[in-house]
> 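Sharing a structure, written as structure tokens. Questions coming.
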There are 2 protein chains.
Amino acid sequence: MNTLSVDSLKLDSQLCFKLYAASRAVIRAYKPMLDQLGLTYPQYLAMLVLWEWQEAAPEQPTVKALGERLALDSGTLTPLLKRLEQLQLVQRQRSVRDEREVHLSLSPAGAALRDQVGPLKARLLCDSGVDLNRLNELRDGLDHLLGQIKALS
Amino acid sequence: MNTLSVDSLKLDSQLCFKLYAASRAVIRAYKPMLDQLGLTYPQYLAMLVLWEWQEAAPEQPTVKALGERLALDSGTLTPLLKRLEQLQLVQRQRSVRDEREVHLSLSPAGAALRDQVGPLKARLLCDSGVDLNRLNELRDGLDHLLGQIKALS
DNA sequence: ATTAATTAAATTGCACACAATTAAATTGCT
DNA sequence: AGCAATTTAATTGTGTGCAATTTAATTAAT
């Protein structure tokens, strides 16, 4: 049932647009920092996952595992990872046990790059003067929305 | 000063990622509806602005005005608008008074398309079973974040 | 053990985003 | 009036996103 008013449709449009705009605005805000690292935003997110993985799990992730984490498929990741390989940050190697899989590992330079991120990001966050509590709320709101969308499919 | 903890850096990364993922998830959720309209998501946002404009303002917007509303430049908008023109939804015409400007107007088909959106979107929102209050909070959170980021530059 | 179904990456093609440059028109300044 | 600075779109080039197809390898079913 649940008839929807004109207002809720407008709210919906606003949210769509703001989500789209905010996502791009954050990417723009990260640009100066990422330029210093020589990474694009999606490349940076991939590196975040690889850095995190190195800490938590013993085995290296496959392209598929990275794709699940980022909600991206091989059509996006394969060329992105090839560029990270060109930059000498990541190594890609076919699995011996299952030759369909490609395992990803950090090169020394890729692992070392992590240390440069902290200070740069701290400055970025500082400069922006954001309210951490608000960020927390926003994150939870996005989490909930993501959950609802996932429940659709 | 305001020294930032490791935790806030992690929150930051999470938020970046979730914002990026949520934005794409919403686009994905809209896909079935937009397929029926024959539009991509950015094209749909452009149409939303043109529909809104038609209601509020007497004169037609220029590419620049649309770009300011969507935070997109001519590099993105020119080809997108040419496609909407191909679809017979939008007309582009050089201003006579200032030949640098290109004015945008809705064709009859473009104006009429608006009527198809309401029902489709109502169903989408209904199916998703989202909490409108939560959406409102999320929108306000995004608004605030956008404001903060805008204040940076 | 073959064959069919499934799976993981890669490839192809299209549509953004966005930086940087170009081209043309207008405005401002003197 | 004449020229520099500014403004608006368009163009070019790179890097995503994502659907659809392809290729190769593995697993499942008979």
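Quick note on labels: first sequence line is chain A, next is B, and so on, each numbered from 1. All values below were derived from every heavy atom in this structure, side-chain atoms included, with hydrogens, water molecules and symmetry-related copies excluded.
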> Of A:T78 and A:R24, whose nearest nucleotide on DNA chain C comes first from the 5' end?
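The answer here is A:T78.
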> Which of these nucleotides, D:dA9, C:dA10, C:dT7, is closest to any side-chain atom of B:V63?
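So the side chain of B:V63 is nearest to D:dA9.
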> In whole angstroms, how far is the P atom of C:dA17 from the CG atom of B:L66?
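Atom-to-atom, B:L66 to C:dA17, this comes out as 13 Å.
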> In terms of side-chain heavy atoms of B:R28, which of C:dC18, C:dA10, D:dC18 is nearest?
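Nearest nucleotide to the side chain: D:dC18.
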> Please pick, from D:dA10, C:dA9, C:dA25, the nucleotide with the shortest atom-to-atom distance to any side-chain atom of A:E101.
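Selected nucleotide (nearest to the side chain): C:dA9.
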> Could you tell me whether B:R94 and B:E99 have a side-chain N and a carboxylate O separated by less than 4.0 Å?
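No, B:R94 and B:E99 are not salt-bridged.
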> What's B:L77 touching, base or sugar-phosphate or nothing? Going by heavy atoms closer than 4.0 Å.
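Nothing, no nucleic acid heavy atom in range.
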> Measure from CG on B:L80 to P on D:dA9 and round the result to the nearest Å.
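To the nearest whole Å, that distance equals 15 Å.
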> Heavy-atom nearest nucleotide on DNA chain D for B:D73 versus A:D73: which residue maps closer to 5'?
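The residue whose closest nucleotide sits nearer the 5' end is B:D73.
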> Send over the distance from B:L72 CG to C:dA15 C1', rounded to a whole Å.
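It works out to 13 Å between those atoms.
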> Starting at CZ of A:R83 and ending at C1' of D:dG17, how long is that distance when rounded to a whole Å?
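After rounding, the gap between these two atoms is 12 Å.
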> If you take all heavy atoms of B:A65 and B:W53, which pair is closest and at what distance?
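For B:A65 and B:W53, the tightest heavy-atom pair comes out as CB-CH2, 3.7 Å.
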> Is the NZ or CZ atom of B:R28 both under 6.0 Å from the centre of the six-membered ring of B:Y30 and within 45° of that ring's axis?
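Judged by the rule, B:R28 and B:Y30 form no cation-pi pair.
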> Can you tell me which nucleotide in C:dA10, C:dC18, D:dT16 comes closest to the side chain of A:Q43?
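Of C:dA10, C:dC18, D:dT16, D:dT16 is nearest to the side chain of A:Q43.
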> Considering only side-chain heavy atoms of B:T62, which listed nucleotide, C:dT26, D:dA24, D:dA9, is closest?
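When the side chain of B:T62 is considered, D:dA9 is the closest of C:dT26, D:dA24, D:dA9.
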> Return the minimal non-hydrogen interatomic distance between B:L70 and B:A46, and the atom names on each side.
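Here B:L70 and B:A46 meet closest at CD1-CA, 4.0 Å.
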> If you look at every strand shown and take non-hydrogen atoms under 4.0 Å, does A:T76 touch a base, only sugar-phosphate, or nothing?
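The residue A:T76 makes base contact.
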> Check whether any side-chain N or O of B:K82 sits under 4.0 Å from OP1 or OP2 of D:dT11, and answer yes or no.
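Answer yes for this pair, as a side-chain N or O of B:K82 is under 4.0 Å from OP1 or OP2.
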> Could you give the CG-to-C1' distance, from A:L81 to D:dG17, as a whole number of Å?
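My rounded result for the distance is 14 Å.
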> Atom CG of B:L84 and atom C1' of C:dA15: how far apart are they, to the nearest Å?
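Rounding to the nearest Å, CG of B:L84 and C1' of C:dA15 are 12 Å apart.
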> Can you tell me which residue among A:L66, A:L81, A:V63 is in a side-chain contact (heavy atoms from CB on, under 4.5 Å) with A:V102?
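Going through A:L66, A:L81, A:V63 one by one, the side-chain contact (heavy atoms from CB on, under 4.5 Å) with A:V102 is satisfied by A:V63 alone.
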> Are the side chains of A:E101 and A:H103 in contact, using a 4.5 Å heavy-atom criterion?
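Yes, their side chains come closer than 4.5 Å.
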> Need one value for A:A71: base, sugar-phosphate or nothing, where a base atom within 4.0 Å counts as base even if backbone is also close, heavy atoms only.
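Result for A:A71 = sugar-phosphate.
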> Does C:dA10 have its OP1 or OP2 closer than 4.0 Å to a side-chain nitrogen or oxygen of A:R92?
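Indeed, a polar side-chain atom of A:R92 lies that close.
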> Mind calculating the distance between CG (B:L104) and P (D:dT8) to the nearest angstrom?
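For the pair B:L104 CG and D:dT8 P, the rounded distance is 14 Å.
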> Hey, is the side chain of B:S74 pairing donor to acceptor with the base of D:dA10 inside 3.5 Å?
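When only heavy-atom distances are counted, B:S74 does reach the base of D:dA10 through a donor-acceptor pair under 3.5 Å.
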> Quickly work out the A:Y20 OH to D:dG17 P distance and round it to whole Å.
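It is 12 Å, rounded to the nearest whole Å.
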> Report the residue (A:K64 or A:I27) whose heavy-atom-nearest nucleotide on DNA chain C is the more 5′ of the two.
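With A:K64 and A:I27 compared, the 5'-side residue is A:K64.
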